[in-house]
Amino acid sequence: MSEQKNGTKGRVKSKDAGRSAGLDIVRSAAVFFVVSVHFFYNNGYYSQELEGVNMFLMTAMRWLFYSCVPLFLILSGFLMNRKKPDKAYYMKIFRILGEYLMACILCNLFKTVCQDKELDFAGWIYSILDFSAAPYSWYVSMYTGLFLLIPFLNKAYGGPEVPKKHKQILLLSMLFITALPGIINYEHSYLPAWWPRLYPFTYYFIGCYLAEFRLKPAKWKCALGIAAISFGQAAVSFMTVTDKNKFNWNFPAGYGALPTVGIAVLVFLMLYRIEIHNWLVKKIFFIVSACSLSIYLLSWIADQIIYKQFNQKVTFIPDKLGWYFVIVPLVFASTLIPAYLCHKLVNIPGIALKQSHKQQR
């Protein structure tokens with residue numbers, strides 16, 4: 001989703017050409033959380049009444065995995081906070097759009113061949129332009145806009161000359177307008193309800209702050225905090241069900257709500273300083289990290305195939321809890337190979353261009 005830099009002050013240092021294994025772990029966890037949160041989207045969880053131990057555990061897991069998108073956004077702020085509005089920066093958007101285009105082609109092919117959906121040439125073009133070709137591509141729609149604004153968000157955040165206190169005020173202001181309304185405005189609007197849609201900016205600024213002021217809480221404290229918020233939110237979800245006793249999407253609302261902010265920040269802090277000394281394990285995390293966008297987008301195809309069979313064989317939703325440890329790894333593994341191929345194909349022009357420049361020099 002974003003690039004890693006060589007270690008400097010306020011950055012994670014790497015032993016492998018400036019690349020941080022810890023940040024690869026964070027990104028790998030984020031995309032695995034994406035596949036995991038779709039487990040609940042595709043298995044009928046949201047149509048089931050919230051009652052019983054299994055549904056409570058599934059709800060806690062759902063809140064944990066809901067930090068997937070925030071983790072990507074925090075990573076962007078952590079890694080891209082020095083980017084400037086120049087040609088070299090903006091050219092990098094074509095790699096994102098290239099992987100998106102590949103995913104659109106594969107998803108539309110799957111729809112026409114396996115789901116008997118008729119798409120003419122105009123339908124193909126429109127589906128790509130309105131981000132419906134790859135059904136999970138809402139993220140690309142959001143991130144494209146964020147990408148264009150990142151150099152200017154960096155100016156808003158400021159460099160080392162801006163006092164730490166001012167940056168803390170910026171973060172508190174963003175949390176106040178984007179994170180608090182999701183939990184305060186439950187039955188009545190006490191805070192402005194328009195600003196929560198800017199939650200990507202909040203997470204981006206959090207990433208900038210964490211890159212500059214390296215927080216190092218104990219990992220066990222982070223894990224304890226994650227568990228406390230996840231299970232606490234599960235309890236809240238059980239107490240704020242809809243009139244049909246089902247999951248209430250409106251409380252707390254959205255990716256930007258304060259509990260999700262807390263989980264995402266703690267997951268990031270727990271993982272980003274991890275070092276890996278085994279080259280094979282490090283390489284695996286590197287590959288998953290590099291292919292994360294394609295895994296995100298192409299997992300829809302595996303979801304369509306696997307959940308169709310799974311939901312026919314296991315019909316009672318609470319019984320599906322144990323199957324998480326089979327279905328999600330299966331979706332992830334079956335998506336990794338096509339995602340890797342798409343990632344490599346998209347990067348061929350860039351690699352060829354770099355080699356051409358080297359030869360000219």
Side-chain angles (χ1 to χ4, degrees), residues 1-6 18-19 23-24 26-28 30-31 34 68-108 124-157 197-208 211 255 286-300 338-357:
M1 302 282 175
S2 51
E3 295 191 333
Q4 297 190 354
K5 299 179 179 180
N6 292 332
R19 190 170 188 97
L23 298 183
D24 282 336
V26 173
R27 190 180 285 106
S28 298
V31 74
V34 167
C68 53
V69 168
L71 284 171
F72 282 126
L73 298 174
I74 292 173
L75 270 169
S76 293
F78 193 94
L79 296 168
M80 303 176 74
N81 58 81
R82 299 294 177 85
K83 297 297 183 181
K84 298 179 179 179
D86 53 32
K87 181 180 178 182
Y89 170 72
Y90 284 114
M91 287 296 290
K92 291 180 175 66
I93 198 172
F94 289 106
R95 284 188 293 183
I96 297 172
L97 297 179
E99 292 196 38
Y100 166 67
L101 182 60
M102 291 292 293
C104 287
I105 292 171
L106 292 177
C107 288
N108 270 347
W124 272 70
I125 300 300
Y126 290 144
S127 66
I128 293 172
L129 294 176
D130 70 1
F131 297 96
S132 64
Y136 292 160
S137 63
W138 75 269
Y139 178 85
V140 179
S141 175
M142 177 272 291
Y143 192 81
T144 300
L146 179 65
F147 184 93
L148 297 175
L149 291 174
I150 277 175
F152 306 101
L153 294 178
N154 293 340
K155 290 182 178 295
Y157 177 78
R197 69 191 71 183
L198 296 184
Y199 72 85
F201 294 175
T202 301
Y203 286 116
Y204 185 83
F205 287 137
I206 290 173
C208 294
Y255 284 112
F286 167 72
I287 292 173
V288 173
S289 174
C291 301
S292 58
L293 178 58
S294 289
I295 294 172
Y296 190 147
L297 299 175
L298 293 176
S299 64
W300 176 82
Y340 178 78
L341 294 176
C342 286
H343 175 74
K344 285 296 185 182
L345 285 172
V346 168
N347 280 276
I348 287 176
I351 294 172
L353 189 61
K354 286 182 179 179
Q355 291 177 343
S356 175
H357 286 325

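For the single chain, residues carry numbers from 1 onward in sequence order.
Side-chain N or O atoms of S127 include one that pairs as donor or acceptor with a backbone N or O of W124 at under 3.5 Å. Side-chain atoms of S294 never come within 3.5 Å of backbone atoms of C291 as a donor-acceptor pair (strictly under, hydrogens ignored). Between the side chain of Y296 and the main chain of Y139, no donor-acceptor pair closer than 3.5 Å is present. Without hydrogens or angle criteria, K155 side chain to P151 main chain gives no donor-acceptor distance under 3.5 Å. The closest donor-acceptor contact from the side chain of Y90 to the backbone of L148 lies under 3.5 Å. Listed for the S76 side chain is a donor-acceptor partner under 3.5 Å among the backbone atoms of F72.
How far CG of L129 is from SG of C104: 9.0 Å, rounded to the nearest 0.5 Å. To the nearest 0.5 angstrom, Y157 atom OH is 9.5 Å from F205 atom CZ. Interatomic distance, CG of L293 versus NE2 of H343, reported as 10.0 Å (0.5 Å rounding). Summarising the geometry, atom CG belonging to L73 is positioned 10.0 Å from atom OG1 belonging to T202; distances are rounded to the nearest 0.5 Å. Of the inter-residue distances, the one linking I150 atom CD1 with N81 atom CG reads 10.0 Å to the nearest 0.5 angstrom. We find the CG-CZ distance between L79 and R27 to be 6.0 Å, quoted to the nearest 0.5 Å.
In terms of heavy atoms, V31 sits closest to S292 at CG2-O, 3.3 Å. Considering every non-hydrogen atom in both S289 and S28, the closest pair reads N-OG, 3.7 Å. Summarising the geometry of M142 relative to V69, their closest heavy-atom pair is CE-CG1, 4.2 Å, with the distance given to 0.1 Å. Taking each heavy atom of K84 and Y89 in turn, the nearest pair found is O-CB, 3.4 Å. Residue L297 comes nearest to E99 through the heavy atom pair CD1-O, 4.2 Å, listed as atom of the first residue, atom of the second, then distance. The minimum heavy-atom distance between A103 and L298, with the atom names listed, is CA-CD2, 3.8 Å.
At a threshold of 4.5 Å between non-hydrogen side-chain atoms, the residues V346 and L101 do not count as touching. Contact of the N154 side chain with the C208 side chain is registered, since non-hydrogen atoms from C-beta on lie closer than 4.5 Å.
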After noting the C-alpha distance and the side-chain angles of L146 and L153, does the key distance pass the side chain to side chain contact (heavy atoms under 4.5 Å, CB included) rule? CA-CA 9 Å; L146 179 65; L153 294 178; 3.6 Å; yes
Let's go through L97 and T144 carefully: what are the C-alpha distance in whole Å and the side-chain angles of both, what is the deciding distance for side chain to side chain contact (heavy atoms under 4.5 Å, CB included) to 0.1 Å, and is it a yes or a no? CA-CA 8 Å; L97 297 179; T144 300; 4.2 Å; yes
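The number of heavy-atom neighbours closer than 6.0 Å to OH of Y340, taken from other residues, nucleotides and ligands shown, is 12 or below.
Ring geometry for F147 versus Y143: interplanar angle of 30 to 60°, hence tilted. Between Y100 and F131, the two ring planes are tilted [angle within 30° to 60°].
Under the side chain to side chain contact (heavy atoms under 4.5 Å, CB included) criterion, L198 pairs with T178, W194, W195, F201, not counting sequence neighbours.
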